[in-house]
There are 2 protein chains.
Amino acid sequence: MLTSKEKIIIAALNQFSRKGLFATRIQDIATEAGISQGLLYRYYKSKNEIYVDLIEDALDKMNEAVEGIASLNCGGREKLLNSIEGMYKTIEESDRYRQTSSLIAQAMGSEAIPQEAKDALKNKRDLPYQMFSKIIVQGQKEGTIIEGDSYDLAVLFWSTLNGLTIFRNTRDEKRPLPDKRFIANIFLKEKI
Amino acid sequence: MLTSKEKIIIAALNQFSRKGLFATRIQDIATEAGISQGLLYRYYKSKNEIYVDLIEDALDKMNEAVEGIASLNCGGREKLLNSIEGMYKTIEESDRYRQTSSLIAQAMGSEAIPQEAKDALKNKRDLPYQMFSKIIVQGQKEGTIIEGDSYDLAVLFWSTLNGLTIFRNTRDEKRPLPDKRFIANIFLKEKI
DNA sequence: TCATAAAATGAATGAAGATTCATTCACTAA
DNA sequence: TTAGTGAATGAATCTTCATTCATTTTATGA
């Protein structure tokens with residue numbers, strides 16, 4: 001049995017991910033959570049506070065996932081392939097990631113979100129680029145990944161995955177994503 | 001000298017692109033346009049109506065741009081290279097495109113926008129995929145573009161550009177985008 | 001110049017929705 | 001059984017807008 005606070009978090013993540021901070025009503029969250037409006041205020045000072053909590057959490061989850069991949073004890077090439085594999089599975093199968101990534105995408109595109117949410121974004125959004133940049137440098141040293149500015153390549157890598165995530169998130173018909181090898185071959189010296 | 005209606009459109013596009021439909025106040029638009037709140041209602045029935053107009057317009061503009069490229073009288077390879085070239089210039093230099101693409105991205109990510117805006121999105125968002133799919137088929141026939149499902153490749157192409165657009169739009173420091181050749185080489189048989 | 005219409009203003013209205021709080025409910029332990 | 005405590009409710013309050021409209025200003029043309 002979920003606690004009231006857990007119910008609130010689950011419902012709020014779903015509502016915010018679908019409608020954003022400003023179109024989501026406290027009543028929407030309460031109704032989905034199956035509790036009264038008033039109870040929500042025992043656990044959170046305001047709607048904004050729930051939102052900021054969720055944003056911070058979403059960014060942390062995303063960064064943990066990326067760090068998990070990068071800290072594998074293997075070659076840069078394998079880390080890259082593993083990242084693509086893992087991200088594809090996540091994008092295609094995880095409803096939680098759909099919510100998380102929609103939440104972050106919406107937040108990044110709005111200047112009206114609370115300052116705390118902006119701060120969290122500013123502090124945490126760049127970690128994936130840094131991690132993938134390191135992986136690419138490793139692969140370049142090992143001769144398995146193409147030459148080029150590693151941060152540029154990381155930007156291309158993560159932006160491509162984000163672009164595909166958004167494509168996937170915004171369609172009802174769940175067409176499979178393009179073959180992963182297309183993405184791998186952007187970066188690998190020896191194509192697969 | 002701009003007409004009042006033009007001032008409203010310019011101000012609304014800017015406000016909506018930065019804050020979205022629900023966090024933008026009529027007063028914000030009026031103030032930026034340098035007119036009174038009341039005047040706005042001489043030209044539009046409601047805030048939603050302005051928004052829907054802008055969304056339809058943004059989608060049309062984007063589709064016209066894509067069609068312009070695809071109807072060039074040249075090979076598929078050249079069309080593809082030309083598209084990348086054109087999109088890069090647009091992404092990096094056009095403030096109008098920043099607004100337009102932010103507006104569309106926000107709209108795509110929200111279930112709370114007006115039904116008319118949803119309809120416009122549903123009807124118009126797929127044209128780029130179709131156009132690029134055709135270009136890819138042409139290039140495949142000509143032997144200049146790699147094999148593979150053309151729609152899949154179009155999804156990858158347009159998603160990648162969208163991902164880079166969002167990256168660019170959400171940073172203040174305007175780092176140049178990754179070398180265009182990385183993107184071209186995803187699709188070209190003979191690499192550049 | 002003056003009459004008329006169009007453009008523009010901004011205060012008033014009303015609705016929606018966030019937050020508060022007095023009250024009730026459910027459980028625990030003495 | 002009952003006093004005490006935290007959980008939960010939902011009606012009432014208070015604020016923030018979108019929208020309206022009576023009034024004023026500006027432009028037009030006879």
Side-chain angles (χ1 to χ4, degrees), chain A residues 1-56 103 106-107 109-118, chain B residues 1-57 103 106-107 109-118 120:
Chain A
M1 178 47 177
L2 297 170
T3 66
S4 291
K5 184 159 188 181
E6 286 164 342
K7 288 193 235 167
I8 293 169
I9 289 172
I10 292 168
L13 176 58
N14 190 42
Q15 291 288 323
F16 285 143
S17 74
R18 293 181 184 282
K19 302 189 296 199
L21 170 58
F22 303 102
T24 296
R25 307 293 156 223
I26 282 286
Q27 183 60 66
D28 300 336
I29 298 172
T31 300
E32 180 172 332
I35 62 168
S36 64
Q37 288 191 58
L39 185 55
L40 222 140
Y41 288 87
R42 282 189 66 80
Y43 299 101
Y44 290 96
K45 233 193 327 288
S46 65
K47 183 170 84 157
N48 277 5
E49 192 180 87
I50 308 176
Y51 184 77
V52 171
D53 259 27
L54 286 174
I55 287 283
E56 287 174 347
L103 192 72
Q106 285 193 344
S110 170
E111 295 182 4
I113 57 172
Q115 186 58 44
E116 293 95 320
K118 286 189 196 172
Chain B
M1 179 46 179
L2 296 170
T3 66
S4 290
K5 185 161 186 180
E6 286 165 341
K7 286 193 235 167
I8 292 168
I9 289 172
I10 292 168
L13 176 57
N14 190 43
Q15 291 287 322
F16 285 143
S17 74
R18 293 181 184 283
K19 301 187 298 199
L21 170 58
F22 303 102
T24 297
R25 308 292 155 225
I26 282 287
Q27 182 61 65
D28 300 336
I29 298 172
T31 300
E32 181 174 331
I35 62 169
S36 65
Q37 286 190 59
L39 185 56
L40 222 138
Y41 288 88
R42 282 188 66 79
Y43 299 100
Y44 289 96
K45 234 195 325 290
S46 66
K47 184 171 83 158
N48 277 6
E49 192 179 88
I50 308 175
Y51 184 77
V52 171
D53 259 27
L54 287 174
I55 288 283
E56 287 174 346
D57 220 59
L103 191 72
Q106 285 192 343
S110 171
E111 295 182 4
I113 56 172
Q115 187 57 45
E116 293 97 319
K118 286 188 195 171

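Keep in mind that the numbers below use all heavy atoms, side chains included, and drop hydrogens, waters and symmetry copies. Below, read A as the first sequence line, B as the second, and so on, with proteins coming before strands; counting in each chain starts at 1.
The side chain of A:S4 contributes an N or O atom lying less than 4.0 Å from OP1 or OP2 of D:dA8.
Here the side chain of A:E6 pairs a donor or acceptor atom with the backbone of A:T3 at under 3.5 angstrom. Without hydrogens or angle criteria, A:S17 side chain to A:N14 main chain gives a donor-acceptor distance under 3.5 Å. Formation of a donor-acceptor pair under 3.5 Å by the B:E49 side chain with backbone atoms of B:K45 is found in this model. The closest donor-acceptor contact from the side chain of B:K118 to the backbone of B:E111 lies under 3.5 Å. The backbone N or O of B:G109 sits less than 3.5 Å from a side-chain atom of A:Q106, completing a donor-acceptor pair.
The CD atom of B:Q37 sits 16 Å away from the P atom of C:dA8 (whole-angstrom rounding).
Remark: B:L13 pairs with B:L54, B:R96, B:Q99, B:L103 by the side chain to side chain contact (heavy atoms under 4.5 Å, CB included) rule, at least two apart or across chains. Annotation: salt bridge (Lys or Arg N to Asp or Glu O under 4.0 Å) contacts of A:D28 (sequence neighbours excluded): A:K19. In this view, A:K47 satisfies the salt bridge (Lys or Arg N to Asp or Glu O under 4.0 Å) rule with no residue, not counting sequence neighbours.
Within the model, atoms CD of A:Q27 and CG of A:L40 stand 9.5 Å from one another, a figure rounded to the nearest 0.5 Å.
In the region residues 43-52 of chain A, proximity to DNA chain C at under 4.0 angstrom, judged on heavy atoms, holds for A:S46, A:K47. Near-neighbour residues of DNA chain D inside residues 9-28 of chain A, defined by a heavy atom below 4.0 Å, are absent.
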Its contact letters, B for base, S for sugar-phosphate only and - for none at protein heavy atoms under 4.0 Å, make nucleotides 21-26 of chain D read ------

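Seen from the ring of A:Y43, A:K7 does not count as a face-on cation partner, given the 6.0 Å and 45° thresholds.
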